[in-house]
Amino acid sequence: MSITRLSVEHVSDTAILTALARAIESDRPDALFKDPFARSLAGVRGEQLVSSIPNIDSLSKAIAVRTHVIDEFILKAVSQGEIDTVLNLGSGLDTRPYRLPLPSWLRWIDCDLPGILSYKYDTLSNNHPNCTLEFISLDITDDRARRTIFQQINQSAGSVMVVSEGLLIYLKPIQVTAIAIDLREQRRFLWWLTDLSSPKGLQLTEEFLGVNRLNSQVKLEFAPEEGIEFFHNFGWRKMALRFLLDEALRLKRINLSEELLSQLPFKGQQNLRNVSRLVWLIRT
Ligand SMILES: C[S@@+](CC[C@H](N)C(=O)[O-])C[C@H]1O[C@@H](n2cnc3c(N)ncnc32)[C@H](O)[C@@H]1O
C-alpha cells in the first residue's frame, strides 16, 4: 500500500497552515486570541498538512505571536482614529474583521488570489463581520491590476493602513520593490504593517514548511540583507519595530527561543533576534 505524503504545494496552502496555527493557539487556556473560525477554515487540508510539518508546535507559536502583535498595531491605529480603511494584502484566512472589536465604520478590504478568497467567502458566509468587509481578488504581482486597485481604493478612502502579514516572503525582491513604490504613490496610504524575515529566517521557514524540496512550487524569496532599510529607498520608514523573539518572550511563548536555538544551523542571540521582525512603516 502506498502512502501519499501531503505537503505544502501551493502558496495558498500557507494560508491554511496559518489558520491551523491560529486554531492551535485558540485552543490553549492562555490563548493570546480566540479565532473561532480558524479550525473550520483550516479544514481537512489543514489536518493533512500537519503531517508534513515536522515542528508544528514551534510554527504555531511563532504565527500566534505575529498575529497578536499585528492585532495590537491595528487596534492601536483604529483607537487613535488614524485610519478608516485597512487594505489586507495576501489576506488568506485571516478573520480579523470577524474576531477583533473593530468599529462598524471601518472599511476592511481583503485581497488575495481568487481560490483562497472564494473559499474563505463561502466558509464564512453565515457569519457577520464587525466592520464593512470587501473581498478583492488580485494577484499582487500583476502590475496593471494592482495599480488599478490601489488607485481605486485611494480615491474612495480617507486614510489607509496596508497590512501584508506573511505575504512578502513569497515574493521576489523586484516584486516587493514594485509594490512598495505603488503603495507609496497612493496619497492616502499612510501606514504599512508587515513582517520581515532575515536571510536566516527565510532558511528556517523553508525548513519548517518543508518547501525547500526541488519539486515544491512554493518558493521563499524575500528576506533582504539590509532589513528595514530596504523600504527607505521607496519612501517608507520605520515607525515601530518589534522582534519576534522579544515578543515571544513577552507573550510567554518563551520556549520558542530554546526550541529555535536547539534547531538552528546558526547560533547567537542577535541572529535569532533578526529572524523575523514586525514592522509598522510610515510614508515619508
Ligand atoms: C502565509 S499566508 C498569510 C495569510 C494571511 N495574511 C494571514 O496572516 O493569515 C500568505 C498569503 O499570501 C497569498 N499570496 C501569495 N502570493 C500572492 C500573490 N501573488 N497575490 C496575492 N496573494 C498572494 C497566499 O495566497 C496566502 O493567502
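First listed ligand is number 1; within each ligand, the first listed atom is number 1. Nothing fancy with the numbering, it's 1 onward along the sequence.
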message: Could you check whether atom CD1 of Ile181 has more than 12 heavy atoms from other residues, nucleotides or ligands sitting under 6.0 Å from it?
response: yes

message: So does Gly166 get a backbone contact from the side chain of Asp195, meaning a donor-acceptor N/O pair under 3.5 Å?
response: yes

message: Please work out, at 4.0 Å between heavy atoms, whether the side chain, the backbone, both, or neither of Leu138 comes within that distance of ligand 1.
response: backbone

field: Structural part of Ile140 in contact with ligand 1, heavy atom criterion under 4.0 angstrom
entry: both

task: For atom 11 (C) of ligand 1, grab the closest protein heavy atom and report residue, atom and distance to one decimal in Å.
output: Gly90 O, 3.7 Å

message: What protein heavy atom lies closest to atom 3 (C) of ligand 1? Include the residue and the distance to one decimal.
response: Glu165 O, 3.5 Å

task: Please indicate whether any nitrogen or oxygen in Ser12 is less than 3.5 Å from any nitrogen or oxygen in ligand 1.
output: yes

message: With nothing but distance in play, are any N or O atoms of Asp139 less than 3.5 Å from an N or O of ligand 1?
response: yes

- request: Could you check atom 1 (C) of ligand 1 against the protein and tell me its nearest heavy-atom contact, residue, atom and distance included?
  value: Thr14 OG1, 3.3 Å

Check: Gly166 N/O within less than 3.5 Å of ligand 1 N/O: no

message: With a 3.5 Å distance limit and no angle check, can you tell me whether Tyr98 reaches the backbone of Asp35 through a side-chain donor-acceptor pair?
response: no

message: Below a 4.0 angstrom heavy-atom separation, can you tell me which part of Ser164, side chain or backbone, both or neither, approaches ligand 1?
response: neither

query: Who's the nearest protein heavy-atom neighbour of atom 14 (N) of ligand 1, and how far?
result: Leu167 CD1, 3.5 Å

statement: With sequence neighbours left out, the residues meeting salt bridge (Lys or Arg N to Asp or Glu O under 4.0 Å) with Arg22 are Glu165

- request: Test Asp57 against Lys61 for salt bridge (charged side-chain N to carboxylate O under 4.0 Å, His left out), laying out the working first.
  value: CA-CA 6 Å; Asp57 188 50; Lys61 285 177 186 164; 3.3 Å; yes

query: Which atoms of ligand 1 are found less than 4.0 Å from any heavy atom of Arg22?
result: 7 (C), 8 (O), 9 (O)

query: Which of these, Ile70, Asp112, Ile63, has its nearest heavy atom closest to atom 24 (C) of ligand 1?
result: Asp112

- prompt: Going through the checks in order, is the ring pair (Phe, Tyr, Trp, His ring centres under 6.0 Å) test met by Trp192 and Phe231?
  reply: CA-CA 11 Å; Trp192 182 7; Phe231 297 99; 5.2 Å; yes

Test salt bridge (charged side-chain N to carboxylate O under 4.0 Å, His left out) applied to Arg146 and Asp182, step by step: CA-CA 8 Å; Arg146 181 183 66 242; Asp182 289 352; 2.7 Å; yes

message: Check Arg96 with Asp110, please: is the shortest side-chain N to carboxylate O separation under 4.0 Å?
response: no

message: Are more than 12 heavy atoms, taken from residues, nucleotides or ligands other than Arg187, located less than 6.0 Å from that residue's CZ atom?
response: no

message: So does Thr132 get a backbone contact from the side chain of Arg107, meaning a donor-acceptor N/O pair under 3.5 Å?
response: no

Min N/O separation Leu89 to ligand 1 under 3.5 Å: no

contact_flag Gln175 ligand 1 heavy-atom lt 4.0 Å: no

task: Would you mind telling me if ligand 1 is within reach of the side chain of Arg66, the backbone, both or neither, using heavy atoms under 4.0 Å?
output: side chain

